[in-house]
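This report refers to the structure that appears directly beneath it.
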Amino acid sequence: MSFSHKILDWYHTHKRELPWRETRDPYKIWLSEIMLQQTRVVQGMPYYHRFLEAFPTVYDLAQAPEEKVLKLWQGLGYYSRARNLHATAKMVVEQFGGEFPRTYKDLKSLKGVGDYTASAIASFCFNVPEPVVDGNVYRVLARYFGVDLPINSPSGIKYFKELAREVMDAEQIRDYNQGIMEFGAIQCAPKKPYCLLCPLNEGCVALKENKVDNLPIKNNKTKVRVRHFNYLVYLDIHNNTLLEQRKGKGIWQNLYQFPLVESEKEMNPDEMEHYLKSESNLQLLDMATPYNPDPIIHKLSHQHLHTKFWIVKTSDILEEGTAWEEVSQFPVPVLIADFIRTLKI
DNA sequence: AAGCCGGGGCG
DNA sequence: CGCCCAGGCTT
């Protein structure tokens, strides 16, 4: 039996029942695919249901304010996905008459839709014979065929895409694509796959050559950058505080936060006092006090944010401020959301 | 070609 | 603590 037929057989026996597998509606498929980029199924699932409830159609999503989209996305990470999701909803409504395009090429022109996602939507919804190559597929192909090209090198990416196209089942592309990903997620797992009862163990090069733990190959380990954040949690006598929206290039674009002072090293109360006296026009009631004397270390995949929250009480009225009760309405990073939850006014 | 972009779970 | 997750965009 061929590689693809073994995948299909395994899939029909072991597939999980996932909501986006019960439909061919490109809106729902697209939504699920964007959410599942670099995200586990269990993590994305509740967001998927909440989004469909809030935005039943692409028109509802297109008409929503971006803040509402970001708020619903809060906690899922990689927020450019949410901004691109919103932009694409508008594109579909305005340029495609509310209907998703049906070809790989047109799908790939949508914001946030790259090679994988275009192939996924085209094959799942419209039976277009395009192979999907995600992290699962890289692992399955690298092991089964014994490919040691780095999966994140241009030559590796090209090679795996061509290999995926050669071994796919074009006649059953929807189930085959879902099947090979599911096989990678469940059976050919990253760590400790149970090769003893794998239906593909007979032809698996990695198993034969004892390379299962060494494939796939991936280089360029990301190194972590350490930053020191000081958030100024202003409070006036009405319990109003200040929020600002993150602009520019870096992390958390368009999300909200308290006014931020970034420093080279951890700041102590004297340094903060000095900073506030020189940079702030507000009348302070007493010294700024760190809510957490030991920095909270918020870990992103490529940055460690050593963070102190400073309570800054002022006798002035924060005219541009936000009532503390309203703060939780804004889309914020998890770091901020956790703090808001724990602070008792 | 390399870097950047979140948050969570697991061994 | 490092790796991985239904990747994509920017430089």
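Scope of the values below: all heavy atoms of this structure, side chains included, with no hydrogens, waters or symmetry mates. Order of the sequence lines sets the chain letters (A, B, ...), proteins ahead of strands, with each chain counted from 1.
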Expressed in whole Å, how much space separates the C1' atoms belonging to C/dA6 and B/dG3? 23 Å

Rounded to the Å, how far apart are A/Asp338 CG and B/dG6 C1'? 13 Å

Base, sugar-phosphate, or nothing for A/Thr39, non-hydrogen atoms under 4.0 angstrom? base

Calculate the interatomic distance between A/Ile297 atom CD1 and C/dG2 atom P; express it in whole Å. 13 Å

Here the distance between atom C1' of B/dG9 and atom NZ of A/Lys192, to the nearest Å, is 16 Å

With the side chain defined as heavy atoms from C-beta on, A/Glu33 is closest, among C/dG7, C/dT10, C/dA6, to C/dA6

Could you give the CD1-to-P distance, from A/Ile151 to C/dG8, as a whole number of Å? 14 Å

With respect to the phosphate group of B/dG6, does any side-chain polar atom (N or O) of A/Gln303 fall under 4.0 Å of OP1 or OP2? no

A/Asn136 side-chain proximity, nearest of B/dG11, C/dA6, B/dG6: C/dA6

Side-chain contact check for A/Lys191: nearest option of B/dG11, B/dG7, C/dA6 is B/dG11

Choosing from C/dC4, C/dA6, B/dG6, which nucleotide comes nearest the side chain of A/Lys218? C/dC4

Side-chain N or O of A/His302 less than 4.0 angstrom from OP1 or OP2 on B/dC5? yes

In whole Å, what is the span from the CG atom of A/Leu300 to the P atom of C/dC1? 16 Å

So which nucleotide from B/dG6, B/dG11, C/dG7 ends up closest to the side chain of A/Tyr116? C/dG7

Need one value for A/Ile29: base, sugar-phosphate or nothing, where a base atom within 4.0 Å counts as base even if backbone is also close, heavy atoms only. nothing

Starting from P on B/dG6, measure out to CZ on A/Arg225 and report it in whole angstrom. 12 Å

Between A/Tyr79 and A/Gln74, is any side-chain donor less than 3.5 angstrom from a side-chain acceptor? no

Exceeds 12 heavy-atom contacts within 6.0 angstrom, atom CG of A/Asn219: yes

Closest nucleotide among B/dG7, B/dG6, B/dC10 to the A/Ile251 side chain: B/dG6

Looking at every strand, decide which applies to A/Leu76 at a 4.0 Å heavy-atom threshold: base, sugar-phosphate, or nothing. base

Under 4.0 Å between any heavy atoms, over every strand shown, what does A/Thr117 touch: base, sugar-phosphate, or nothing? Just pick one. sugar-phosphate

Need to verify one output field. Residue with the more 5' nearest nucleotide on DNA chain C, A/Gln178 or A/Lys111? A/Gln178

Side chain A/Asn177, main chain A/Arg174, donor-acceptor under 3.5 Å: no

Map A/Lys249 and A/Asn152 onto DNA chain B by nearest heavy atom, then report which one ends up closer to the 5' terminus. A/Asn152

Assign A/Arg21 to base, sugar-phosphate, or nothing according to its heavy-atom contacts below 4.0 angstrom with the strands shown. base

Taking any heavy-atom pair under 4.0 Å as a contact, classify A/Asn177: base, sugar-phosphate, or nothing. nothing

Is any NZ, NE, NH1 or NH2 atom of the basic residue among A/Lys158 and A/Glu162 found under 4.0 Å from an Asp or Glu carboxylate oxygen of the other? yes

Within the 4.0 Å heavy-atom criterion, would you say A/Trp20 contacts the bases, only the backbone, or no part of the nucleic acid? base

Is the distance from OP1 or OP2 of C/dC9 to the nearest side-chain N or O of A/Tyr78 less than 4.0 Å? no

Reckon A/Val137 touches a base, only the sugar-phosphate, or nothing at all at heavy-atom distances under 4.0 Å? nothing

May I ask you to say what A/Gly44 touches in the nucleic acid, namely base, sugar-phosphate or nothing, with a heavy-atom cut-off under 4.0 Å? nothing

Within less than 4.0 Å of OP1 or OP2 of C/dA6, is there a side-chain N or O belonging to A/Trp30? no

Rounded distance in Å between the P positions of C/dG8 and B/dG8: 22 Å

So which pairs with a foot in residues 87-122 of chain A pass ring-ring contact (aromatic ring centres under 6.0 Å, His included), sequence neighbours left out? A/Trp30-A/Phe100

Round to a whole Å and report the spacing from CG of A/Asp213 to P of C/dC3. 14 Å

Expected output: side-chain A/Asp316 to main-chain A/Gln283 donor-acceptor under 3.5 Å: yes

A/Glu22 and A/Lys28 ion-paired at < 4.0 Å: no

What is the minimum heavy-atom distance between A/Leu260 and A/Arg246, and which atoms define it? CD2-NH1, 3.8 Å

Length of the line joining A/Gln43:CD and B/dG7:C1', which is rounded to integer Å: 6 Å

Distance test, side-chain N/O of A/Arg40 to OP1/OP2 of B/dG7, below 4.0 Å: no

Does the side chain of A/Gln37 get closer than 4.0 angstrom to OP1 or OP2 of C/dG7 through an N or O atom? no

What is the nucleic acid contact for A/Gly184, judged by heavy atoms within less than 4.0 Å: base, sugar-phosphate only, or nothing? nothing

